[in-house]
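Notes to accompany the following structure.
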Amino acid sequence: MSRRKDSYRIIYEVVRKIPSGKVATYGQIARLAGLPGQARQVGYALHYLPSQTKVPWQRVINSRGRISFPLDSVAWSMQKSILESEGVQFDESDSISLPQYQWKS
DNA sequence: CTCGTGACGGTAT
DNA sequence: TATACCGCCACGA
């Protein structure tokens, strides 16, 4: 239980640093949170967020530059619309282009 | 304690 | 590009 308190809290802090109009991948967040190779835990941490959170969970996407929800889900369309309202642009494949990542080599 | 699950990622085929 | 595997690990049954 305290395990969740420690690592999840750091994950939330890192996610909150992603500026509006930009996105980051689960893997990038994991590394910045000191949990390299544990991208799944980032997704798990976000899954546990309450609905009225200040953490910008919508700015976290997968390594393929796409939203990690089924294409036909409500969650998917909701995340996409929020990102678009923040200025994030999607291409015809519903993926986000490189320049919009805050951290990318 | 064991097992299945999952908002992931990298590599192989 | 698409699938299949495997590594990763907190959680809950």
Side-chain angles (χ1 to χ4, degrees):
Chain A
M1 289 301 144
S2 61
R3 196 59 150 289
R4 182 169 110 188
K5 185 177 183 182
D6 298 333
S7 46
Y8 285 23
R9 193 172 135 281
I10 300 177
I11 289 174
Y12 297 148
E13 287 179 14
V14 176
V15 174
R16 294 184 63 161
K17 294 177 182 173
I18 306 174
S20 177
K22 295 286 185 177
V23 295
T25 69
Y26 294 92
Q28 291 173 336
I29 299 300
R31 286 200 301 281
L32 292 170
L35 301 169
Q38 298 183 219
R40 291 191 86 136
Q41 297 314 124
V42 175
Y44 214 81
L46 297 186
H47 176 72
Y48 268 72
L49 283 170
S51 49
Q52 301 80 3
T53 180
K54 298 175 184 175
V55 181
W57 56 270
Q58 73 277 10
R59 297 174 192 157
V60 185
I61 59 178
N62 61 35
S63 65
R64 293 160 19 198
R66 300 202 181 88
I67 292 173
S68 283
F69 280 120
L71 285 169
D72 53 13
S73 67
V74 212
W76 187 90
S77 40
M78 179 185 294
Q79 183 171 3
K80 184 182 181 183
S81 61
I82 296 177
L83 286 177
E84 291 184 317
S85 72
E86 296 183 342
V88 176
Q89 297 185 312
F90 291 74
D91 61 23
E92 50 291 321
S93 315
D94 283 318
S95 60
I96 299 171
S97 56
L98 231 54
Q100 298 178 85
Y101 288 66
Q102 180 180 18
W103 307 285
K104 190 76 183 184
S105 51

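Here is how names work: the chains are called A, B, and so on, in the same order as the sequence lines, proteins then strands, and each is numbered from 1.
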Ranking W57(A) and R31(A) by the position along DNA chain B of their nearest nucleotide, the one closer to 5' is W57(A)
Whole-Å distance, R66(A) CZ to dA2(C) P, equals 7 Å
Taken to the nearest whole Å, CD1/I96(A) to P/dA7(B) is 18 Å
note: L46(A), atom CG; dC11(C), atom P; distance rounded to Å ~ 14 Å
From NZ of K80(A) across to C1' of dA7(B) the rounded distance in Å is 18 Å
Looking only at atom types and distance, does a side-chain atom of D6(A) sit under 3.5 Å from a main-chain N or O of R9(A), one as donor and one as acceptor? no
Y44(A) atom OH is separated from dA10(C) atom P, nearest whole Å, by 11 Å
Taking only nitrogen or oxygen atoms into account, show me every contact under 3.5 Å that the protein makes with nucleotides 3-8 of chain C, one pair per line with its distance.
unit_1 : atom_1 : unit_2 : atom_2 : d
dG7(C) : O6     : R40(A) : NH1    : 3.3

Here the distance between atom P of dG6(B) and atom CG of N62(A), to the nearest Å, is 17 Å
Rounded to whole Å, CZ of R64(A) lies from P of dT11(B) at a distance of 16 Å
- request: Could you go through the side chain to side chain contact (heavy atoms under 4.5 Å, CB included) check for R31(A) and L35(A) one step at a time?
  value: CA-CA 5 Å; R31(A) 286 200 301 281; L35(A) 301 169; over 6 Å; no
Which of dA7(B), dG12(C), dG9(B) is nearest the side chain of S68(A)? It is dA7(B)
Taken to the nearest whole Å, CG/D91(A) to P/dT1(C) is 11 Å
Margin query: Check the phosphate of dC8(B) against S63(A), side-chain N and O only, distance under 4.0 Å to OP1 or OP2. Yes or no?
Written below: no
Taking every heavy atom of N62(A) against every heavy atom of Y101(A), the minimum-distance pair comes out as O-OH, 4.3 Å
Report task. Indicate yes or no for a side-chain donor-acceptor contact from T53(A) to the backbone of V55(A) under 3.5 Å, with no hydrogens or angles considered. Result -> yes
### Query
What orientation do Y8(A) and Y12(A) show, parallel under 30°, tilted 30 to 60°, or perpendicular over 60°?
perpendicular
Exactly one candidate in K22(A), E86(A), Q100(A), Q79(A) meets side chain to side chain contact (heavy atoms under 4.5 Å, CB included) with R59(A); the answer is E86(A)
Take V15(A) and W57(A), measure what side chain to side chain contact (heavy atoms under 4.5 Å, CB included) needs, and give me the verdict at the end.
CA-CA 7 Å; V15(A) 174; W57(A) 56 270; 5.5 Å; no
